[in-house]
Amino acid sequence: MKRICTILLAAALAGCATTETATQPPAAVEDRAGTTKPGAGPGASGVPEKPVTGVDLTGGKPAGADPLKDPSSPLSMRSIYYDFDKYDIKDEYKPVIEAHARYLRENGGVKMLIQGNTDERGSREYNIALGQRRAESVKKMLLLLGAREEQVEAVSLGEEKPKETGHGEEAWTRNRRSDMLYAGEY
Amino acid sequence: MSVMRPLIAALLLLAAACGAHAQLSIEITGAGAQRIPVAIAPLAGEGALLDGGNAAISAIVRADLERSGLFRAVDVPRLIPQPTESSTVNYAEWRSRLADALVLGSVSGRPDGRFEVRFRLYDVVKQAALGGVAYTLTREQVRATAHRIADYVYEKLTGEKGVFSTRIAYVVKRGERFELQIADADGANEQAMLVSNEPIISPVWSPDGRRIAYVSFQNKKPIVYVQDVQVPKQRIVANFKGSNSAPAWSPDGARLAVALTRDGSSQLYLIDPDGGNLRRLTNSFAIDTEPFFSPDGRWIYFTSDRGGSPQIYRMPSTGGEAQRVTFEGGYNVSPRVSPDGRSLAYVTRNGGRFQVALLDLGTRQSLVLTDSDLDESPSFAPNGRQILLATILNGRGVLTAVSSDGRVKQRLTLSAGDVREPSWGPLIP
């Protein structure tokens with residue numbers, strides 16, 4: 001991993017000769033790279049400072065008891081997929097959203113973040129708006145089915161956080177997606 | 001709720017940076033049919049400035065002019081004695097080398113340790129001097145001075161402003177890391193303005209070239225910031241519920257147009273660069289985004305899917321009725337008006353490919369300028385001659401520049417990482 005910030009800092013500390021001219025002063029640098037909490041979000045994967053996942057022997061619920069993680073429960077399904085430039089929810093995903101709406105209704109303290117995503121084609125800015133539309137369409141359906149406004153937040157990641165980084169239809173299909181995430185999962 | 005919890009920011013502020021780590025390299029992949037043959041003679045005494053890794057001034061001028069695609073450098077043999085700006089020009093000799101224009105000059109040391117560069121430009125065909133300039137410079141100002149000379153030659157010979165002294169901004173993705181970089185128009189002097197583990201998009205220079213507005217996801221959602229090029233401090237412009245995105249400066253630099261989803265779907269708003277005076281501009285149930293001011297400030301061009309597919313519209317910048325601008329094709333986005341206000345660059349879907357096209361706003365004729373598949377983010381050079389854009393080549397993000405007539409193409413690549421989101425800065429007087 002390129003440690004540009006280290007290099008820049010070292011350069012700054014060393015008072016290295018800058019190559020700017022009087023008319024073009026150097027760009028000042030603001031480094032936010034170190035400010036992300038490790039594991040705090042989807043962007044944190046690959047960050048070297050990943051926290052150690054410890055083993056908990058003190059008891060508590062066995063993992064299988066969490067319906068959100070039970071592969072046989074529709075609640076374990078978190079992604080809604082779309083066609084290009086579309087944000088309508090296909091019929092096949094409606095039972096998944098109904099299950100999550102029921103879970104939110106029955107667990108009033110639970111909160112959800114919906115992240116809308118697009119494939120890489122077209123405009124990044126239009127894709128921000130399209131991703132927001134996708135997330136909002138899921139939120140709207142959850143609210144119609146009884147979830148409360150305070151429980152659900154819809155945000156867009158546009159084309160900026162592709163699950164698949166390739167440049168073909170296979171990757172694009174997987175990236176046109178809304179993800180429903182519960183607290184602790186993003 | 002704590003979904004958007006702001007990260008506790010322990011900002012690591014760096015006041016200075018050496019930027020020579022991974023410069024953009026530029027490759028010309030096409031050239032204009034009729035390039036002006038120009039002889040740039042080595043400046044007498046320019047070797048005195050070569051210390052510190054500097055290239056020769058004449059070599060930088062030559063590279064600038066050739067890169068524009070409008071000039072062809074004529075080979076200059078070793079001349080003894082070396083001619084200077086005060087030599088008598090043997091026009092017949094330069095004509096025999098097939099040069100239409102000629103630059104002669106010299107470098108001399110000054111008592112204060114600085115240097116003086118003098119040069120003169122000649123029209124070899126008309127056998128006339130076209131003018132010349134003297135600059136005082138330090139060793140650190142070699143590149144900047146060479147770009148000024150190239151700008152002078154370019155303007156005298158083409159009648160248009162040169163853009164060799166301008167700067168560009170772009171985003172580099174290296175692994176999981178995003179860097180907002182600015183560099184000279186030739187890719188030299190790359191310097192990081194912002195480094196983040198979250199995406200950065202849509203940088204755009206203020207009209208005076210002092211600030212850059214951009215969108216950063218550092219707080220897990222799109223927020224619009226403005227940052228002074230010289231001061232390592234972010235200022236939040238728009239951080240409302242939902243997405244905050246697509247900043248565009250008004251030509252006087254006093255206002256920004258932005259796209260916000262705070263009131264539902266993405267809509268256009270005007271806001272001051274310090275975040276004050278928010279005013280809603282559009283009222284549709286559709287997606288409205290990517291505002292861009294016309295150079296006279298009267299119009300805002302933008303992308304909207306109000307007609308069922310994303311198309312480009314324009315509306316008065318004070319608000320009011322929108323008119324549709326693009327009609328051909330089912331996906332036309334990212335409008336950028338040329339500096340003279342006469343044409344519009346945008347991205348169009350052309351049989352499954354996403355390409356930059358140019359629409360003549362007078363004749364309504366449009367022309368696809370590129371032959372790539374995944375073009376994004378066109379940005380005009382401030383003289384309108386070229387358009388910088390991002391595309392994918394061999395699976396990597398690269399910047400390319402295409403002349404407004406589609407004939408000259410350049411590719412700007414980094415040795416490592418994806419480059420995207422270019423923004424060409426303004427002319428600096």
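Side chains included, hydrogens not; waters and symmetry mates left out as well; all remaining heavy atoms used. Chain identifiers are assigned alphabetically (A, B, ...) following the order of the sequence lines, protein sequences preceding nucleic acid strands; residue numbering begins at 1 within each chain.
In this structure, the portions of B:Ser243 lying under 4.5 Å from any heavy atom of chain A include both its backbone and its side chain. If you measure heavy-atom distances from A:Arg121 to chain B, the contacts under 4.5 Å come from both the backbone and the side chain. Contacts between A:Glu159 and chain B at a heavy-atom distance below 4.5 Å involve the side chain alone, from C-beta outward. Residue A:Glu160 touches chain B through both its backbone and its side chain, counting heavy-atom pairs closer than 4.5 Å.
Remark: A:Asp88 CG is packed, more than 12 non-hydrogen atoms of other residues, nucleotides or ligands lying under 6.0 Å away. Within a 6.0 Å sphere centred on CE of A:Met141, other residues, nucleotides and ligands contribute more than 12 heavy atoms. Remark: B:Arg235 CZ is loosely packed, at most 12 non-hydrogen atoms of other residues, nucleotides or ligands lying under 6.0 Å away. For NZ of A:Lys163, the number of neighbouring non-hydrogen atoms (other residues, nucleotides, ligands) closer than 6.0 Å is greater than 12. Atom CZ of B:Arg210 has 12 or fewer heavy atoms from other residues, nucleotides or ligands within 6.0 Å. Within a 6.0 Å radius of CD in A:Glu92, other residues, nucleotides and ligands contribute more than 12 heavy atoms. Taking a 6.0 Å sphere around NZ of A:Lys86, one finds it holds 12 or fewer heavy atoms contributed by other residues, nucleotides or ligands.
With a 4.5 Å cut-off on side-chain heavy atoms, A:Gln115 and B:Lys220 do not count as touching. A:Arg133 has its side chain within reach of B:Asp305: a pair of non-hydrogen atoms, C-beta onward, lies under 4.5 Å apart. Side-chain contact between B:Ser266 and A:Ile128 is absent, with no heavy-atom pair separated by less than 4.5 Å. Using a 4.5 Å heavy-atom threshold, the side chains of A:Ser123 and B:Glu376 count as separate.
Taking the six-membered ring where the residue is Trp, B:Phe354 and A:Phe84 present perpendicular rings, their angle passing 60° and hence far from 30°.
Atom OG of residue B:Ser245 and atom OH of residue A:Tyr126 lie 14.0 Å apart, to the nearest 0.5 angstrom. Distance check, rounded to the nearest 0.5 Å: CD of A:Glu136 to OG1 of B:Thr261 gives 6.5 Å.
Distance alone, capped at 3.5 Å, is enough to place a donor-acceptor pair between the A:Glu125 side chain and the B:Ala246 backbone.
Between A:Lys161 and B:Glu198 a salt bridge is recorded (basic side-chain N to carboxylate O distance below 4.0 Å).
Interface remark: of the candidates B:Lys173, B:Arg420, B:Arg349, B:Arg139, B:Arg420 forms the most heavy-atom pairs closer than 4.5 Å to chain A. Annotation: maximal heavy-atom pairing with chain B below 4.5 Å, among A:His167, A:Gln132, A:Arg124, occurs at A:Arg124. Chain A forms more heavy-atom pairs under 4.5 Å with one residue of B:Thr303, B:Val347, B:Val333, B:Ile392 than with any other, namely B:Ile392. With chain A as partner, the option from B:Ala286, B:Gly264, B:Ser216 having the largest number of non-hydrogen pairs under 4.5 angstrom is B:Ala286.
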